[in-house]
There are 2 protein chains.
Amino acid sequence: MNIPNYLAENDIKPSYQRIRIFEYLYHEMNHPTVDLIYKTLAPEIPTLSKTTVYNTLKLFVDKGITSTVTIENNEVRYDAIVTHHGHFKCNVCGIIVDIPLNFNQLNLNELKDVTIEQTQVHLIGKCNKCLTI
Amino acid sequence: MNIPNYLAENDIKPSYQRIRIFEYLYHEMNHPTVDLIYKTLAPEIPTLSKTTVYNTLKLFVDKGITSTVTIENNEVRYDAIVTHHGHFKCNVCGIIVDIPLNFNQLNLNELKDVTIEQTQVHLIGKCNKCLTI
DNA sequence: TAGTAAATTTGTAATCATTACAATTTTATA
DNA sequence: TATAAAATTGTAATGATTACAAATTTACTA
């Protein structure tokens, strides 16, 4: 994955900040909040502004290369995976992991008359690590 | 449904404010925000405080007679239905409707090692009414 | 290459939902 | 009726997000 190229292909000029933010999202896969991205990158990019992180993520979402995950209020999280998938969140350690899901298995007969553009499946429980402690 | 009895059965003293707030939730079935509940009831209960609405909904959730719906950030919504079900939200008119779902149909083989305590399924699209305008 | 316009980044202030907390009011009880 | 406990209320604080204008960087053209 060449990140500058990937950004350019998606109509995003690959500025230094944008490259670093997407690189973080893509490599960490940790569904970070804006605050976590900012706190992680700020020491390495001293001029970085939190507003830039907000602006950049909004741009990524608009251009379709990032999705948002809102499981609980007061924290929007971001994900470099944009294909349909679900999320599992451990309510002990807080980790969020992507899970493949076959949405066709949901019986949506009740919804004949609507169009569905987005599906969010969030599972909340305890992860294996926290169960065995 | 006798609301004072229902509250009492669930270990909640049926004060006037609590009765009115639950009555609103239960009859409207509109997945309101705190603000909407407050704005609707305040004219009829002039002394009502928004803090009371927050306190009361937190109590309802703790006692298990209300659930929260967080589809988008910056608005927690409340639902008097607490059995497992999903939600459909129209991104034009904003209406949120409950939808029955058979969660067993989700193929969760990937999650053998975790316990799942809560499942949230949110479908976002356009409702029939907004499609035909 | 310099000069200018456009795009991007930045910092500060404003907004809005929610929570904290102490004071007041109401309810229950002795 | 007096007192304690519970519930309600209003105000202030918090924290995420947005608005916005200034500063900086980049792209383009003469």
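Because only heavy atoms are used, hydrogens play no part in the values below, and waters and symmetry mates are left out as well, while side chains stay in. In what follows, every chain begins at residue 1, and chains take the letters A, B, ... in the order their sequences are listed. The structure displayed is predicted, hence computed values, not measured ones.
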Taking salt bridge (charged side-chain N to carboxylate O under 4.0 Å, His left out) as the cut-off, I'd like each qualifying pair that reaches into [range], sequence neighbours left out, listed once.
| range | value |
| --- | --- |
| residues 25-35 of chain A | A:D35-A:K39, A:D35-A:K50 |
| residues 81-92 of chain B | B:E72-B:K89, B:E75-B:K89 |
| residues 1-13 of chain A | A:D11-A:K63 |

Notebook entry, point to check: Looking at five pairs on each end of the helix from C:dT1-D:dA30 to C:dA30-D:dT1, what is the angle between the two axes, given to 10 degrees?
Noted result: 10°
Starting at [atom1] of [X] and ending at [atom2] of [N], how long is that distance when rounded to a whole Å?
| X | N | atom1 | atom2 | answer |
| --- | --- | --- | --- | --- |
| B:K63 | D:dA7 | NZ | C1' | 14 Å |
| A:E72 | C:dT18 | CD | C1' | 15 Å |
| A:D35 | D:dT17 | CG | C1' | 12 Å |
| B:N74 | C:dT18 | CG | P | 8 Å |

Got a sec, which residues hit side chain to side chain donor-acceptor pair (under 3.5 Å) with [X], two or more places apart in sequence or on another chain?
| X | answer |
| --- | --- |
| B:N30 | B:Y24 |
| B:H122 | A:Q120 |
| B:K58 | B:D62 |
| A:Q118 | none |

Next item on the list: Name all residues meeting the ring-ring contact (aromatic ring centres under 6.0 Å, His included) criterion together with A:Y16; count only those two or more places apart in sequence or in a different chain, and write none if there are none.
Entry: none
Note to self: Among residues at least two apart in sequence or on other chains, which ones pass ring-ring contact (aromatic ring centres under 6.0 Å, His included) with B:F60?
What the structure shows: B:F22
Check: Does anything in residues 11-22 of chain A reach DNA chain C, meaning a heavy atom under 4.0 Å, and if so which residues?
Finding: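 Those residues are A:K13, A:S15, A:Q17, A:R18.
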Check: How long is the span from the CG atom in A:N2 to the CD1 atom in A:I19, to the nearest 0.5 Å?
Finding: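 Answer rounded to 0.5 Å: 8.5 Å.
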Next item on the list: Name every residue in residues 38-60 of chain B that has at least one heavy atom under 4.0 Å from any atom of DNA chain D, in order of residue number, or write none if there are no such residues.
Entry: B:T47, B:L48, B:S49, B:T51, B:T52, B:N55
